[in-house]
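Structure first, commentary second.
Heads up: numbering here begins at 1 and tracks the sequence.
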Amino acid sequence: MEAATAVETIQREMTVFARRARASAGRLHPELSLVSYTLLGHLEERDGCRATDLAAHYALDKSTVSRQVAALERAGLVERRQDPEDHRVQVLHLTEAGRHILGQVTVSRRAAVGERLADWTPEDLERFAEYLVRYNAWPRSD
């Protein structure tokens, strides 16, 4: 397969992947969109961060992040805390309910992905994981 054809195939398949991920996110937890799930995961991984950091990391518009965060706050999944080092800054953190929901959805998502990859060899899984990490690492935004 020539490079241009391969790039077109990759783009098409990544679009299918993204559509399926959005659709499955709604099935796994109807109130938790794929964007919300991703934001919660980032907050857990970083043990909290500012909304502007979320926007920068995911290359999202600040207003998009603001709406998502507001919805997560209303749902009781995220709370704002004053930064102990700079009292002008508010840091977003998961609430216990946020950790619980994130944990449930993560288990469901891993099971769904595991099911799709069940017949892949360990070598194929490792190669696929390495390619995804490599693709998502360019360019580094954080």
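- At most 12 non-hydrogen atoms from other residues, nucleotides or ligands lie less than 6.0 angstrom from CD of E8.
- Residues passing the side chain to side chain contact (heavy atoms under 4.5 Å, CB included) test with D47, sequence neighbours excluded: H93, R99.
- Among residue pairs with one or both ends in residues 54-74, those qualifying as salt bridge (Lys or Arg N to Asp or Glu O under 4.0 Å) are E73-R80; sequence neighbours excluded.
- If you chain together hydrophobic residues whose side chains sit under 4.5 Å apart, L132 and L125 fall into the same group.
- Counted by atom type alone, Q11 and T15 present one or more donor-acceptor pairs between their side chains at under 3.5 Å.
- Nearest heavy-atom pair, V91 versus C49, reported as atom, atom and distance to 0.1 Å: CG1-N, 3.4 Å.
- Of all non-hydrogen atoms in L94 and E44, the two that sit nearest each other are CD1-CB, 3.5 Å.
- Here L39 contributes atom CG and L77 contributes atom CG; the two are 11.5 Å apart, rounded to the nearest 0.5 Å.
- In this structure, the side chain to side chain donor-acceptor pair (under 3.5 Å) partners of T106, at least two apart in sequence or on a different chain, are Y37.
- In the hydrophobic clustering of ILVMFWY residues, with side-chain heavy atoms under 4.5 Å counting as a link, V78 and V65 come out together.
- Annotation: side chain to side chain donor-acceptor pair (under 3.5 Å) contacts of T5 (sequence neighbours excluded): none.
- D124 pairs by the salt bridge (charged side-chain N to carboxylate O under 4.0 Å, His left out) definition with R127, not counting sequence neighbours.
- Within the structure, ring-ring contact (aromatic ring centres under 6.0 Å, His included) pairs that include any residue of residues 113-133 comprise W120-F128 (at least two apart or interchain).
- Remark: E96 CD is loosely packed, at most 12 non-hydrogen atoms of other residues, nucleotides or ligands lying under 6.0 Å away.
- Counting only distance, with no hydrogens or angles, the side chain of T95 and the backbone of G76 share a donor-acceptor pair below 3.5 Å.
- Using a 4.5 Å cut-off on side-chain heavy atoms (C-beta onward), L54 and L43 make contact.
- With a 4.5 Å cut-off on side-chain heavy atoms, Y58 and V35 do not count as touching.
- A heavy-atom distance below 4.5 Å is not found between the side chains of L92 and H42.
- V107 and L102 fall into different hydrophobic clusters, where Ile, Leu, Val, Met, Phe, Trp and Tyr side chains are chained together by heavy-atom contacts under 4.5 Å.
- In this structure, CG in L40 is found 9.5 Å from CD in Q68, a value given to the nearest 0.5 Å.
- A continuous path of ILVMFWY side-chain contacts below 4.5 Å connects I10 to Y135, so both sit in one hydrophobic cluster.
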